[in-house]
Number of protein chains: 2
Amino acid sequence: MPARISRLADFLPYLLSVTSNAVSGRIADEYNARFGLRIPEWRVMAVLGDAGALTQRELVGATLMDKVAVNRACKVLEERSLIARSPNTSDGRSHHLELTGAGKAMHAQIMPLALEMEALLFDALNEEEQATFKALLGRLRRRVQELSGEQEFSR
Amino acid sequence: MPARISRLADFLPYLLSVTSNAVSGRIADEYNARFGLRIPEWRVMAVLGDAGALTQRELVGATLMDKVAVNRACKVLEERSLIARSPNTSDGRSHHLELTGAGKAMHAQIMPLALEMEALLFDALNEEEQATFKALLGRLRRRVQELSGEQEFSR
DNA sequence: GCGATTTGGTTGCATTAGAGACTAGTTATG
DNA sequence: CATAACTAGTCTCTAATGCAACCAAATCGC
């Protein structure tokens, strides 16, 4: 008995939240099962693989994650020898973080899986719809940022 | 220095997650500031206001939240005398939950604010785009559910 | 109707995320 | 250069989320 769903189901922020959680949960399970990575760690790997050596500060900017989240993810990855720190000659407070050989090897497995997952999940949308969806998300995000005050782009 | 954003930014699940968090965070702040409500509590209020008396089990179905989240939200709302329990004659394990007078009064303030917030946030999208966005989210969610196994629709 | 199974609700526990304080190193100012 | 103001990173504490075990009431099978 599907108990008449309330108007909540028409509320866009709700729909957005539920959908996002479903997608994230699915992906998190997959990465955890295959690589023992959690999402913050995966994001750091993805960015480092793409951009090369970065500081934590730069990772915060690139992933939009909290600096604590970045720090924890890096610590875990370093313990697993997937990334390595090298001193930053131009600023002694930070280090350059870079994928190790093992890290690069994992990255090479991770990215195809990411695209595969994306394709699988977004199967329900054709090319054009995916592009539209992406564009709308982008505009929405910018709008929220704009509303959420005049701060740079922390958080 | 906007450090070349990596390919992560093109990854749909990432974009979805970041956007959803931004939207939810903004709304959570607003409801917390104005009514001292958190999102799970707000959702329960919204559904009860719309559907009348329901059991916790029915609320789980209507909000897609975890039963623990529903239980906790109800407990808080009951303590604040925004909702009241009455015995369920047809099943002694559960109760009917319903908005009190105060609850209804708050609901009458809450819903317009919800629509206002929705309008404000989704300002960046015109009518048609909003409809498209909603439809795409719906299809995406159904797709994930479908992939996530044959379970009813718990979680 | 009586034991076995199921289900609504509750509690406790483990995991996660975020805010704030703190440390070490850097830049700006006199 | 010495002090003040700032910044990258780390640590700690608290709040939020979800799972699993649990209790009590209901249903099923005989």
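In what follows, every chain begins at residue 1, and chains take the letters A, B, ... in the order their sequences are listed. All values below come from the heavy atoms of this structure, side chains included, with hydrogens, waters and symmetry mates left out.
Spacing between atom CG of A/Leu59 and atom C1' of D/dT7 amounts to 16 Å, rounded to whole angstrom units. The CZ-C1' distance, from A/Arg72 to D/dC13, rounds to 11 Å in whole Å. The distance from atom NE2 of B/His95 to atom P of D/dA26 is 11 Å, rounded to the nearest whole Å. Distance, B/Met65 CE to D/dT17 P: 10 Å, rounded to whole Å. Rounded to a whole Å, the NZ atom of A/Lys67 is 9 Å from the C1' atom of D/dT7.
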task = Kindly indicate, with the supporting measurements, whether the criterion salt bridge (Lys or Arg N to Asp or Glu O under 4.0 Å) is fulfilled by B/Glu41 and B/Arg72.
result = CA-CA 8 Å; B/Glu41 295 153 21; B/Arg72 286 197 267 245; over 6 Å; no
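For B/Val68, whose side chain is taken as the heavy atoms from C-beta onward, the closest listed nucleotide among D/dA20, C/dA19, D/dA25 is D/dA20. Checked against D/dC19, D/dG9, C/dG8, the side chain of B/Arg57 finds its nearest nucleotide in C/dG8. When each of D/dC19, D/dA26, D/dC11 is scored by its nearest atom to the side-chain atoms of B/Arg93, the top-ranked nucleotide is D/dA26. Distances from the side chain of B/Thr55 to the nucleotides C/dA19, C/dT26, C/dG9 place C/dG9 closest.
Inter-residue side-chain proximity for B/Ile83 and B/Lys75 is flagged as unmet; no heavy-atom pair is nearer than 4.5 Å.
Heavy atoms of A/Arg85 sit under 4.0 angstrom from primed sugar atoms or phosphate atoms, though from no base atom. In this structure, B/Arg38 reaches the sugar-phosphate backbone alone: every heavy-atom distance under 4.0 Å involves primed, P, OP1 or OP2 atoms, never a base. In this structure, A/Lys75 reaches the sugar-phosphate backbone alone: every heavy-atom distance under 4.0 Å involves primed, P, OP1 or OP2 atoms, never a base.
The side-chain hydrogen bond (donor to acceptor under 3.5 Å, both in side chains) search around A/Arg143 returns A/Glu146, B/Asp123, not counting sequence neighbours. The salt bridge (Lys or Arg N to Asp or Glu O under 4.0 Å) check on A/Glu78 picks up A/Arg85, with sequence neighbours excluded.
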